[in-house]
Amino acid sequence: MGQVFKPVDTRISFPGQEEEILGFWKSEKIFEKSISSRKGGERFVFYEGPPTANGNPGIHHVISRVFKDVITRYKSMQGYYVPRIGGWDTHGLPVELEVEKELGFTSKTDIENYGIDRFNAKCRESVFKYLKEWNAFTDRIAFWVDLDNAYITMKNSYIESCWWAIKKMWDDGLVYKGYKTAAHCPRCGTSLSSHEVAQGYEENTVDPSVYIKFKLTPDSISRIGITEIAEKPVYLLAWTTTPWTLPGNTALAVDASARYALVEIDGYIIIAAQKLLATLELSDARKTGEISGQSLVGLDYEPLYNPHEFGVDRMRFKAGSSELEKQPETDKLNYHVISADFVSMDDGSGIVHIAPAFGEADFEAGKTEALDFVQHVDLGGKIIGNYNFTGFFVKDADKIITRDLDDRGLLYRETTITHTYPFCWRCSTPLLYYVKQSWYIRTTARKDCLIDLNQEINWYPDHIKNGRFGDWLQNNVDWAFSRERYWGTPLPVWCCEKCGSFDCIGGIEELKSKPGFSGFDGEIDLHRPYVDNLTYTCKCGGLMRRQTEVIDCWFDSGNMPIAQYHYPFDNNTLISDGRFPADFICEAIDQTRGWFYSLHAISSLLFNSVAYRNVICLGHILDEKGEKMSKSRKNVVQPKVIIDKYGTDAMRWYLYTASPPGQPRRFSEGLVGEVMRQFMLPLWNVYSFFVTYANIDNYNPVKSGHTSPVAELDRWILSELNDLVAKVTSDFDGYDPTSAGRRIEAFVSNLSNWYVRRSRRRFWKSENDEDKIAAYDTLHNCLETLSRLLAPFTPFLAEAMYQNLVLSVNPQAPESVHLASFPQADTTVIDNELAASVQLAIRICSLGRSARSQAGIKIRQPLSTLTVLLQSPGEEERLNRVKDQILEELNVKQVKVALNREELEKEGLNLSSDNLYAVGVDTRITRELESEGLAREIVRRIQTLRRQADFDIADHIVTWFQADQRIEEVMEEYRVYISRETLSDNIVNAEPDEQGYSENFKLDGHPVVLGVKKQD
RNA sequence: GGGCCACUAGCUCAGUUGGUUAGAGCACAGUCCUGAUAAGACUGGGGUCUCUGGUUCGAGUCCAGAGUGGCCCA
């Protein structure tokens, strides 16, 4: 007779099973069907944040992908239509750097000499260098995403959508050319991204620390209005660690609300912050006056170096903007004191030297105060003009400038300082903060919109919303989105060589239709250098040439909602037809300023809409010591190692349940192993147990149907099950798979350690009575429901269980668990009172075992009475309800309720208590109890022999025994019981058959020989 | 230097709106149970809930400050 269910081995190899299931999914196109079969359902939009395939995927890629997967699988099973388009990020500096490394390049000159066309061709190859690995990895971790139709940011159609978006912003007046401060490597000749800068901070950098005297004009001295000082020269004392920036000084900043002192030394007066006098070794005794910072504001001082005398241009900010205008040479040039909120009273002199061409704060001050702008350093870090330090590298110029100022009597003090300073991560050259031209998106013009729309987004964890992300939006600055690089979406801005006017192009056809369009050579590749050759004629008749910049690759990925569909050139209903915005995205926290921002900014500016409604923001993965994983620390865990050993499901389960998604989490092989032992195996064993016995009894769930059971145990676990389903559903709806998973763990523990443990005998009874069927029904129901609950989490394990538990008996059911629907809770069977009763039983049993253990009496030995002290008389009813469970579990003949503590403290009772309950067991063993205990001992010995002899569970046997009189008595008295328990058709008091399996024991000091043999 | 998050047993984590004696798993030691179990139960050792103040009748929980770690920004 064929078995209903496929036998389930407890010695399962999960990784092996997963490989098989992958084959099934692939051949039957289960992923495709999981989408298409829900086509009529409500759409649930997911956006995939594109990775770059130029390196091997790591564990941090696993975590974001499995969190994306668990939600989209859940929604699919809820009946939503959830297409999932993959994506690849293919542009940007990281790609270029990888290629530069490969080619051994160290500067942009190397690239240009090599040829932009060849270089970009290399980049194009590089971005899919590990495509095979990525595809295999995605498959193996069961991240269901459509990679065949993935969007690719370097495709013409994708780029064209980006051009369209930029053009729309351009038309809305949101794109402009301005200046910005960039961390610049003078040796590599390029700006570094903030990410690169962060890599290169050196903690113990020694730099000069110089205090410079800036001479006030006579007019300003009289404006201070302190007559005693009128005859003497007066200097403002300012501090800097970068003397090379001093020729670029165009202002001094003070704190208007602070007090400043005038101190006399050597016949002149120095002004510095009152608070900092001591650190400046300025004697309070020589103080000749005090003045507010406010009254310093507006005073004029003489430039250290008048740029006009050294052949350097002097520019000036147009008020409030980052545009600069060249200023005429003047006979007399004075700079003035401004007020600023960044003036520190902790170090320096309380007066800050401002060089708007260098440094963020200086630049911003330059903009708001419409200051002069003097750029006396070239991009190679060398001083220009005709100073006596011209041609020197800035760091070498420091000393010469300091000497020069000293010679002119303008140096007050010179020491050194040890601080943290950024260096180029590639070549260790000190970085310079350098103001350069750049193209901007005027996000600040829509700042309120960015902030308001953020309120519509559900952030998990929610503190990101008004915390890290909200702060970032509050401090929004215009997006400097151009890059002086090669491999990227080209900036679609053309400039007239003749009249200098700009034009933005929003698509290929638009470009082609321009008058005098030329440079087009067959197929257009919208990359440099080909796109650089496309020109047309300006209205003025001049030649329009593209600006050479490419754009920030964050713009590429942030524009994916439309660019993946080539909107608006194709799919022009995209914005209104339900495919925008996303219902859900999920990435790690570093994307706050990356993808989360670029998506949000672009859709806010283009469509005045959020780009995503719900976002899970993951913490980073750390090693088992809590340290960041990095190649240099050699603590990187390879996902493959884990998967080969424990399988994808165990790894996924660990990632979901170990800690809430927002927290950084530790990861190691051992922790996944724990998941295996603690969750996967017990569940698998329950499943295996069910199948083993169901097959013996030829149980078929379809024939029996899941009826409403009467047994309390069944009703209890079904109550727990439905409660679980309800709560897991609400956890999922709140984007909290971690809580959902932990709940399932608790349920499985209840199922295994109470339901199955307490129900074992029901499955073992030989009669096929109603209770037994009810038990099978209940357990089958639990396991089948679990398979669907677990499907989003552990898709393989769930599939294996579902195939066997459902499809073996019902070929009409959906062919995969991932095509089935998510369980629905039947809240009518949730019985909280019953749950509380069983909770009580579990607790009392725990105390009972403890009491027995302390008395040294094993469970096999029956005892007469268990006395329980409850919290309240009302609990007695609860206790009665589960009394039978307690009797069996603790192997006692009766349970009594004690009314007070004294009753418990009678003789012969062994006590155990927790903070709510107390129990006592009567430890007196009568001869009858002893006999029964011995009988159970004999049963256990025979069972062990059966197992050692490798008999099947259902095999019937003959048992032989030889023993003393006491054991013979027990054997006689319990013959029926022993026979039934051990499936012994015959028990013979004789020497064991030689062909059988036998052993000698001592039971409580009584010598016994036992033998077993299979019955033919 | 600024912001966000975290800090509970050796390790990984729970701990609801403040309320008896702060819990679980792993690991360690011992005992027990078991024809589902690679498991489970019990006992034991192991806690200044990072620290210092404050609010309160009462603080792991709320507030302030400090420390350590992580991330982000400078």
Side-chain angles (χ1 to χ4, degrees), chain A residues 8 10-12 183 194-195 197-198 201 342 344 346-347 359-361 419-420 422 433 461 463-464 466-472 474-475 588-594 619-620 622 624-628 654 657-660 662-668 670-671 673-693 738-739 742 745-746 749 752-754 756-757 759-760 763-764 779 845-854 856-861 889 891 912-916 936 939-940 942-948 951-955 981-983:
Chain A
V8 175
T10 55
R11 280 164 223 281
I12 173 81
S194 59
H195 178 72
V197 176
Y201 279 98
F342 54 78
S344 164
D346 298 328
D347 50 19
E360 187 76 47
H419 62 162
T420 304
Y433 286 96
H463 62 79
I464 308 280
N466 294 317
R468 193 177 281 199
F469 195 67
D471 286 347
W472 171 247
Q474 289 290 346
N475 298 318
I589 189 157
D590 53 297
Q591 299 298 331
T592 317
R593 275 125 216 231
H620 285 125
L622 308 173
E624 58 188 329
K625 292 185 193 123
E627 286 178 1
K628 195 177 163 178
Y654 172 76
T657 57
S659 61
Q663 292 298 320
R665 73 197 58 213
R666 298 184 181 202
F667 188 85
S668 71
L671 291 165
E674 203 177 298
V675 155
M676 185 66 134
R677 283 190 301 275
Q678 213 191 313
F679 175 67
M680 306 265 298
L681 287 171
L683 174 62
W684 190 259
N685 286 320
V686 171
Y687 164 57
S688 165
F689 170 88
F690 168 82
V691 167
T692 303
Y693 284 93
T738 299
S739 297
R742 286 176 172 177
E745 258 174 5
S749 165
S752 168
N753 294 327
W754 192 256
V756 172
R757 181 185 170 87
S759 296
R760 271 181 300 196
F763 296 100
W764 191 229
L779 188 52
C845 285
S846 174
L847 289 171
R849 278 191 290 258
S850 169
R852 293 188 67 120
S853 160
Q854 277 162 33
I857 301 170
K858 48 191 160 189
I859 304 284
R860 267 195 305 272
Q861 176 58 58
E889 180 69 20
N891 199 13
S912 176
S913 65
D914 61 15
N915 55 356
L916 295 176
R936 283 188 60 152
V939 166
R940 189 180 80 93
I942 297 172
Q943 299 288 36
T944 306
L945 278 181
R946 285 182 60 116
R947 191 154 34 160
Q948 282 167 358
F951 294 166
D952 194 78
I953 289 170
D955 285 341
E981 291 297 313
T982 61
L983 296 182

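In what follows, chains carry the letters A, B, and so on, assigned in the order in which the sequence lines appear, proteins first and then strands, with residues in each chain numbered from 1. Computed from heavy atoms alone, side chains included, the values below leave out hydrogens, waters and symmetry copies.
A/Arg936 has a side-chain polar atom (N or O) that falls below the 4.0 Å cut-off from OP1 or OP2 of B/U34. OP1 or OP2 of B/A36 sits under 4.0 Å from a side-chain N or O of A/Arg760. Phosphate proximity of B/A36 to A/Tyr693: present, with a side-chain N or O under 4.0 Å from OP1 or OP2. At the phosphate of B/C42, OP1 or OP2 sits under 4.0 Å from a side-chain N or O atom of A/Ser846. Contact annotation: A/Arg860 side-chain N/O to B/C33 OP1/OP2 distance is under 4.0 Å.
With both ends at atom P, the span from B/A9 to B/G23 equals 14 Å, rounded to whole Å. Across the C1' atoms, B/G18 and B/C13 are found 22 Å apart, a figure rounded to whole Å. Rounded to whole Å, the P atom of B/C62 lies 11 Å from the corresponding atom of B/G19. The P atoms of B/U20 and B/G60 are separated by 10 Å, rounded to the nearest whole Å. With C1' as the reference atom, B/U8 and B/G15 are 9 Å apart, rounded to whole Å. The same atom, P, is picked in B/U21 and in B/U37; the two are 43 Å apart, to the nearest Å. Going from the P atom of B/U61 to that of B/C7 covers 11 Å, rounded to whole Å. A gap of 11 Å separates the P atoms of B/A41 and B/A24, to the nearest Å.
If you measure from atom CH2 of A/Trp684 to atom P of B/A39, you get 17 Å, rounded to the nearest angstrom. Going from atom CD1 of A/Ile464 over to atom P of B/G70 covers 18 Å, rounded to whole Å.
Ring planes of A/Tyr693 and A/Phe763: tilted class, angle from 30 to 60°.
Among the atoms of the strands shown, base atoms are found under 4.0 Å from some heavy atom of A/Arg468. Within the nucleic acid shown, A/Arg852 has no heavy atom closer than 4.0 Å to any nucleic acid atom. Residue contacts shown for A/Leu945 are absent, as no nucleic acid heavy atom lies under 4.0 Å away.
Between A/Arg936 and A/Glu981 there is no salt bridge, since no side-chain nitrogen of the basic residue lies less than 4.0 Å from a carboxylate oxygen of the acidic one.
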Applying the Watson-Crick and G-U criteria (both distances under 3.5 angstrom) with [ ] for crossing and | for other-strand pairs, one obtains for RNA chain B (((((((..((((.....[...)))).(((((.......))))).....(((((..]....)))))))))))).
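Between A/Arg946 and A/Leu681, the residue anchored nearer the 5' end of RNA chain B, judged by the nucleotide with its closest heavy atom, is A/Arg946. Both A/Thr657 and A/Val756 lie near RNA chain B, and the one whose nearest nucleotide falls closer to the 5' end is A/Thr657.
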